[in-house]
Trainee: 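Dropping a structure here in structure tokens format, bear with me for questions.
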Amino acid sequence: MSVPPALQIREANAHLAAVHRRAAELEARLDAAERMVRAQAERLARHDQQQRAALDELGRAKDREIAALQEQLQTSEATVHSLKATVHQRDKLIQQLQPRAELLQDICRRRLPLAGLLAALAEAERLGPLPANDPDHPLPGGPGPPLANSTGDEGDRDHLQPAVFGTTV
């Protein structure tokens with residue numbers, strides 16, 4: 001074998017040194033890239049963990065809100081049920097009171113004629129009985145024989161009380 005010339009050796013050594021520098025440079029860039037990737041992966045992992053924690057908290061908040069709304073719904077449904085029962089009771093009371101209301105309306109419609117009748121009865125009371133004249137000869141145009149309540153026992157006329165007129169309004 002022949003020895004290569006010195007110039008070739010120097011060129012080969014320079015080339016090897018350049019390749020070695022380039023390999024070292026690439027290894028340094030590779031290490032830097034790997035560190036950067038690891039740092040990004042760690043940041044992404046932390047961000048992902050934070051996101052999961054935030055989502056978990058949102059889920060718990062949503063569950064609490066749903067529970068509160070369900071409780072509110074149950075309370076509202078109980079209130080509605082209670083109000084329906086109250087309405088039903090009041091409807092029954094209205095049905096019971098309706099005939100009485102109609103009677104009171106009828107009384108109110110008849111109040112003025114009744115007041116007139118009561119005034120006439122009071123005037124009749126104030127005038128008192130007719131003077132004691134001969135009962136066999138009544139006054140002309142005057143009233144006939146005294147009236148009595150008919151009970152079917154015409155013989156008990158002595159026990160009948162005279163009619164007394166008064167007002168209770």
Side-chain angles (χ1 to χ4, degrees), residues 1-127 149-152 161-169:
M1 250 203 174
S2 72
V3 177
L7 181 62
Q8 277 185 335
I9 292 176
R10 274 194 299 256
E11 284 180 1
N13 283 340
H15 181 69
L16 281 176
V19 169
H20 184 31
R21 277 192 307 269
R22 180 73 177 141
E25 181 184 311
L26 289 175
E27 284 180 1
R29 285 178 64 189
L30 179 63
D31 287 341
E34 286 176 347
R35 283 191 304 271
M36 186 175 71
V37 167
R38 275 194 298 269
Q40 285 179 343
E42 288 174 6
R43 279 195 304 269
L44 286 174
R46 280 194 305 272
H47 185 262
D48 187 43
Q49 188 177 14
Q50 290 171 349
Q51 291 296 320
R52 281 191 197 131
L55 286 174
D56 288 345
E57 180 56 34
L58 282 174
R60 287 189 295 273
K62 175 192 60 103
D63 291 342
R64 286 190 300 268
E65 186 175 352
I66 287 172
L69 289 173
Q70 285 176 336
E71 184 177 328
Q72 187 179 10
L73 177 63
Q74 289 174 348
T75 302
S76 297
E77 286 175 346
T79 302
V80 166
H81 180 71
S82 172
L83 290 173
K84 281 183 178 180
T86 301
V87 166
H88 180 69
Q89 289 174 344
R90 289 190 180 167
D91 285 346
K92 286 175 66 176
L93 180 61
I94 288 171
Q95 287 176 352
Q96 291 173 351
L97 294 177
Q98 190 65 37
R100 293 174 189 221
E102 291 170 1
L103 179 62
L104 285 174
Q105 286 175 344
D106 190 36
I107 289 171
C108 288
R109 279 192 298 272
R110 297 174 190 215
R111 183 173 159 231
L112 289 177
L114 182 60
L117 176 63
L118 291 175
L121 290 174
E123 179 65 20
E125 247 181 40
R126 187 186 66 73
L127 291 177
N149 291 335
S150 174
T151 60
Q161 297 288 329
V164 177
F165 298 106
T167 60
T168 59
V169 177

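All values reported here derive from a predicted model rather than from experimental measurement. What's counted below: heavy atoms across the whole structure, side chains too, no hydrogens, waters or symmetry copies.
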Trainee: Let me confirm one number: the CD-OG1 distance from Gln72 to Thr79, rounded to the nearest 0.5 Å.
Mentor: 10.0 Å
Trainee: Is it true that Glu65 and Lys62 make a salt bridge, defined as a side-chain N closer than 4.0 Å to a carboxylate O?
Mentor: no
Trainee: Nearest 0.5 Å please: distance from the CD atom of Gln98 over to the CG atom of Leu93.
Mentor: 11.0 Å
Trainee: Taking Ala78's backbone N and O only, do any of them form a donor-acceptor pair with Ser82's side chain (distance below 3.5 Å, no angle check)?
Mentor: no
Trainee: To the nearest 0.5 Å, what is the distance between CG on Leu118 and CD on Glu123?
Mentor: 13.5 Å
Trainee: Step by step, would you call Glu102 with Asp106 a side-chain contact (heavy atoms from CB on, under 4.5 Å)?
Mentor: CA-CA 6 Å; Glu102 291 170 1; Asp106 190 36; over 6 Å; no
Trainee: List the steps and the verdict of salt bridge (Lys or Arg N to Asp or Glu O under 4.0 Å) for Lys84 and Glu77.
Mentor: CA-CA 10 Å; Lys84 281 183 178 180; Glu77 286 175 346; over 6 Å; no
Trainee: Please list, one pair per line, the donor and acceptor atoms closer than 3.5 Å that link side chains of residues 35-50 to other protein atoms, with sequence neighbours excluded.
Mentor:
unit_1	atom_1	unit_2	atom_2	d
His47	NE2	Gln51	NE2	3.4
Asp48	OD2	Arg52	NH1	3.4
Asp48	OD2	Arg52	NH2	2.7

Trainee: To the nearest 0.5 Å, how far apart are CG in Leu104 and CZ in Arg109?
Mentor: 10.5 Å
Trainee: Before you tell me yes or no, could you show the steps for Lys92 and His88 under side-chain contact (heavy atoms from CB on, under 4.5 Å), namely the whole-Å CA-CA distance, both residues' side-chain angles and the distance that decides it to 0.1 Å?
Mentor: CA-CA 6 Å; Lys92 286 175 66 176; His88 180 69; 3.6 Å; yes
Trainee: Counting only heavy atoms not in Arg29, do more than 12 fall under 6.0 Å of its CZ?
Mentor: no
Trainee: When rounded to the nearest 0.5 angstrom, what distance separates NE2 in His15 from CZ in Arg22?
Mentor: 12.5 Å
Trainee: Could you state the interatomic distance from CD1 (Ile66) to CD (Glu71), rounded to the nearest 0.5 Å?
Mentor: 14.0 Å
